[in-house]
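Contents: one structure, followed by commentary.
Predicted, not measured: the structure shown is a model, and the values here were computed from it. Per chain, numbering begins at 1; letters A, B, ... match sequence-line order.
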There are 2 protein chains.
Amino acid sequence: MTETTSGAAGGPFNPYSRACPSRRLLKFLGDLWTVLVIGALYDAGTPQRFTEISLRVDGISTKMLTSTLRRLERNGLVLRQQYAETPPRVTYELSPAGQDLAGILREVEAWATSHMQDVLAARDSYDAAHEA
Amino acid sequence: MTETTSGAAGGPFNPYSRACPSRRLLKFLGDLWTVLVIGALYDAGTPQRFTEISLRVDGISTKMLTSTLRRLERNGLVLRQQYAETPPRVTYELSPAGQDLAGILREVEAWATSHMQDVLAARDSYDAAHEA
DNA sequence: CTGGATCCGACCGGATACTG
DNA sequence: CAGTATCCGGTCGGATCCAG
């Protein structure tokens with residue numbers, strides 16, 4: 001036990017350490033667009049086209065969808081397939097690693113939706129007790 | 001089935017909808033400092049002081065620790081206890097809801113650390129295939 | 001010790017226009 | 001259709017100083 005910071009051990013990576021690359025990865029994984037795009041691909045079950053994903057993730061801009069998909073692909077979480085057709089057709093799907101992650105992120109998502117009401121109530125309570 | 005967007009059903013809240021409050025909540029839950037502070041409190045097991053948390057979460061500024069704890073408290077995820085002493089002593093601990101969430105976020109954290117190596121390899125592979 | 005207040009640079013991210 | 005390029009306002013977040 002030579003670790004000075006906390007966190008689940010089991011490997012050399014520790015996001016509680018400022019310099020550890022896992023911190024940046026964790027930051028990316030928690031990003032809203034990352035979570036929603038992965039969730040959308042997970043729900044779809046089949047390879048999705050750029051436009052199809054943008055329809056599932058309401059309000060995402062082409063810029064953010066592009067950059068998010070690029071990072072996901074670069075990190076090995078999403079597989080990109082492009083076909084030589086006109087008009088061009090490109091599809092995205094989760095890699096095995098991406099599917100694994102999707103299951104976990106889905107839990108976070110489920111927590112958010114199932115506890116939203118409680119959170120709303122907690123805010124009211126907090127605001128009432130701290131109002132100016 | 002009147003939903004037009006995707007996502008796990010089960011409630012009226014849907015983060016895939018741009019206007020749904022659960023989207024903002026989800027964004028907050030995935031925030032790096034949120035994840036690490038919750039994880040630190042979870043690891044500690046006992047109520048932690050402001051300074052103790054800052055030591056566990058390497059590199060967090062007092063500004064971010066303060067604002068993160070405030071939001072967590074306001075959302076009912078963290079319980080704050082202050083004692084009338086000099087010097088002042090304040091402790092923070094996870095609420096039952098917070099502990100529930102912590103277990104899930106810990107999984108995300110574990111995914112990040114356990115797959116960091118694979119992700120690093122995927123990046124090398126991607127960069128090699130896309131270098132200018 | 002536990003913060004609040006302020007300054008300010010960095011960058012996130014939307015809107016828009018354009019291309020193969 | 002599937003992006004790329006650019007502009008630019010808003011916000012995030014670190015550093016610093018101050019207070020109860």
Side-chain angles (χ1 to χ4, degrees), chain A residues 15 17-19 23-37 40-41 44 46-74 78-93 126 130-132, chain B residues 15 17-19 23-37 40-41 44 47-74 78-93 126 130 132:
Chain A
S17 254
R18 136 165 55 183
R23 176 175 284 195
R24 290 191 56 131
L25 176 59
L26 188 56
K27 181 171 184 176
F28 171 57
L29 299 185
D31 177 78
L32 179 65
W33 298 131
T34 300
V35 174
L36 295 182
V37 167
L41 290 176
T46 60
Q48 297 288 296
R49 305 183 62 165
F50 188 88
T51 306
E52 292 176 321
I53 301 173
S54 71
L55 289 177
R56 283 176 180 271
V57 183
D58 182 39
I60 192 171
S61 64
T62 71
K63 177 182 177 179
M64 292 317 294
L65 180 52
T66 299
S67 66
T68 301
L69 284 171
R70 283 284 169 285
R71 296 180 73 177
L72 286 171
E73 187 193 359
R74 190 169 104 97
V78 157
L79 270 19
R80 188 186 121 109
Q81 192 71 239
Q82 75 174 308
Y83 304 86
E85 304 173 2
T86 45
R89 189 167 60 115
V90 179
T91 63
Y92 298 89
E93 64 184 315
Y126 181 93
H130 296 75
E131 65 190 17
Chain B
S17 254
R18 146 168 39 187
R23 177 175 284 195
R24 292 192 58 140
L25 175 60
L26 188 55
K27 182 173 182 175
F28 171 57
L29 298 185
D31 178 80
L32 180 65
W33 297 131
T34 300
V35 174
L36 296 182
V37 167
L41 291 175
Q48 298 287 296
R49 306 184 60 166
F50 188 87
T51 306
E52 292 177 319
I53 301 173
S54 71
L55 290 177
R56 284 176 178 271
V57 182
D58 182 38
I60 193 172
S61 64
T62 71
K63 176 182 177 179
M64 291 318 294
L65 181 52
T66 299
S67 65
T68 300
L69 284 171
R70 281 286 168 283
R71 296 181 72 178
L72 286 171
E73 187 195 358
R74 188 168 105 96
V78 157
L79 270 20
R80 180 177 187 266
Q81 193 70 239
Q82 75 173 309
Y83 303 87
E85 304 174 0
T86 47
R89 188 164 61 98
V90 179
T91 62
Y92 298 89
E93 65 184 315
Y126 181 93
H130 296 76

Report summary line: Rounded to whole Å, CZ of A:R24 lies from C1' of D:dG13 at a distance of 15 Å

Query raised in the report: Whole Å only: how far is the CD atom of A:Q81 from the C1' atom of D:dG3?
Result: 17 Å

Query raised in the report: Does the A:T34 side chain pair with the main chain of A:G30, one donor and one acceptor, at a distance under 3.5 Å?
Result: no

Query raised in the report: Hey, which of these two, B:R18 or B:R70, hits DNA chain C nearer its 5' end, going by closest nucleotide?
Result: B:R70

Query - Length of the CZ-P vector between A:R23 and D:dG13, whole Å - result: 12 Å

Report task. State, to 0.1 Å, how close A:Q48 and A:I53 come at their nearest heavy-atom pair, and which atoms those are. Result -> CB-CG1, 3.7 Å

Report summary line: Taking C:dG3, D:dG3, C:dC1 as options, the one with an atom nearest any side-chain atom of B:R80 is C:dG3

Query raised in the report: Under 4.0 Å between a side-chain N/O of A:Y92 and OP1 or OP2 of D:dG3, yes or no?
Result: yes

Query - Within residues 62-69 of chain A: residues closer than 4.0 Å to DNA chain D (heavy atoms) - result: A:T62, A:K63, A:T66

Report summary line: When rounded to whole Å, the CZ to C1' distance for the pair B:F50 and D:dG20 reads 15 Å

Query raised in the report: Is any side-chain nitrogen or oxygen of B:R49 closer than 4.0 Å to OP1 or OP2 of C:dC1?
Result: no

**Report entry** Rounded interatomic separation in angstrom, taking CD1 from A:I53 and P from D:dA2
**Finding:** 9 Å

**Report entry** B:V37 and its side chain to side chain contact (heavy atoms under 4.5 Å, CB included) partner, picked from B:V78, B:L32, B:L65
**Finding:** B:L65

Query raised in the report: For the pair made of CH2 in B:W33 and C1' in D:dC12, what is the distance, rounded to whole Å?
Result: 12 Å

Query raised in the report: Whole Å only: how far is the CD atom of A:E85 from the P atom of D:dG3?
Result: 14 Å

**Report entry** Interatomic distance, A:L55 atom CG to A:I60 atom CD1 [nearest 0.5 angstrom]
**Finding:** 11.5 Å

Query raised in the report: Quick one: is C:dG3 close enough that its OP1 or OP2 comes under 4.0 Å of any side-chain N or O from B:R89?
Result: no

Query - Distance below 4.0 Å between A:T51 side-chain N/O and D:dA2 OP1 or OP2 - result: yes

Report task. Please say whether more than 12 non-hydrogen atoms of neighbouring residues, nucleotides or ligands are located less than 6.0 Å from CZ in A:R24. Result -> no

Query raised in the report: A:E52 has an atom CD; how far is it from atom C1' of D:dC1, in whole Å?
Result: 11 Å

Query raised in the report: Roughly how far, to the nearest 0.5 Å, is the CZ atom of A:R49 from the OH atom of A:Y83?
Result: 10.0 Å

Query raised in the report: Tell me, do B:V90 and B:F50 make a side-chain contact under 4.5 Å, heavy atoms counted?
Result: no

